[in-house]
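Every number for a ligand or one of its atoms is a count from 1 in the order of the listing.
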Amino acid sequence: MKEKSKELEVAIKAALEAGKVLEKYFETEILKTLKKDKSIATLADKESEEVIKKVIFEAFPEHSILGEETGMNGGVSDYVWHVDPVDGTRNFANAIPLFAVSIALVYKEEIIIGVVYNPSTRSFFYASKGEGAYFNDKRIFVSKDDAKNGMLTVSRGKNVNDEILFRDILYFFPKKHVSSVRDLGCAALDLVYVARGGLEANIQLGLNTYDFAAGVFIILEAGGKVTALDGSPWKFPDNHFIASNGVFHDLLVEEVKKQKQKLNI
Ligand code: IPD
Ligand code: CA
Ligand code: CA
């Protein structure tokens, strides 16, 4: 990218600062606490979010920030930052290096910046509207692999029907559609790995905007395709979608439709 906007510079700075917090705690005996929704949080989730908010508010005091740990911060604004201070907390807390900081900037319901950073592998992904997607400052594109060689990941939130469909896709997705289906436990990485060409598709079932906004935007800027589960156009903040390299997207849509009909959901 020739010149980065101030917004992108700030998002990058915030993710790098948050990354330092996560590095400090990673592979230590960090205390895990249970949140109301039964998911876990650690001291690092809270500290990381505070650092990100500080960096963003210093640069853009008039913007608002939706953070997983602290909800909506700041006044009403057309600019809303969607922040997951640690995506993949369970991996992080169990010393598994599949976690990331995820930060997206949304202007009037349109994503314009996305940054995903995994400090444990120093993997930095970012994109800016119309400027392409980058991994450690190198332009990236989705893969050209077809179904035969394809790897798919699937991520779900807390809804019961989403869990039923998630398990069905994970265990019964026909081999002819993808050679491997998995759940990495970090939705933001699922998405940026598609953008970088390491995975071919990710199906998202009911996560929160801070989980997917940055990653899905990075896929779009890397030349990928994103639709609703039934193949109709996807629009932020819809949280059920198929994101892929586009090569066998229609097959994925057809198969998800079939599975949903079979399960009657
Ligand atoms: C989790 C991850 C994971 C998904 C979970 C999310 P968190 O986010 O994105 O991939 O399966 O449903 O809660 O809680 O680690 O930020
Ligand atoms: Ca998350
Ligand atoms: Ca989180």
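- Aromatic ring orientation, Tyr107 versus Tyr79: tilted (interplanar angle from 30° to 60°).
- If you take OG on Ser102 and CG on Asp87, they are separated by 6.0 Å, rounding to the nearest 0.5 Å.
- Summarising the contacts of atom 16 (O) of ligand 1 with Val86, Asn202, Leu191, the nearest heavy atom is found in Val86.
- Considering backbone and side-chain atoms alike, Gly88 places an N or O below 3.5 Å from some N or O of ligand 1.
- Contacts of Phe241 classified as ring pair (Phe, Tyr, Trp, His ring centres under 6.0 Å), with partners at least two apart in sequence or in another chain: Phe212, Trp234.
- Ligand 1 places these atoms under 4.0 Å from at least one heavy atom of Leu207: 12 (O).
- Through side-chain heavy atoms spaced under 4.5 Å, either directly or across other Ile, Leu, Val, Met, Phe, Trp or Tyr residues, Leu34 is tied to Ile40.
- Applying the side-chain hydrogen bond (donor to acceptor under 3.5 Å, both in side chains) criterion to Asn245, with sequence neighbours excluded, gives Ser143.
- Ligand 1 has no nitrogen or oxygen under 3.5 angstrom from a nitrogen or oxygen of Arg90.
- Taking any N or O of Asp190, backbone or side chain, none lies under 3.5 Å from an N or O belonging to ligand 1.
- For the Ca ion (ligand 3), protein N, O or S atoms under 3.0 Å: 3 in total.
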- request: List the steps, then state whether ring pair (Phe, Tyr, Trp, His ring centres under 6.0 Å) holds for Tyr134 with Phe124.
  value: CA-CA 8 Å; Tyr134 292 78; Phe124 206 100; over 10 Å; no
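- Where the criterion is an N or O separation shorter than 3.5 Å, residue side chain and backbone included, Glu68 meets it with respect to ligand 1.
- Ligand 1 has no atom lying under 4.0 Å from any heavy atom of Ser39.
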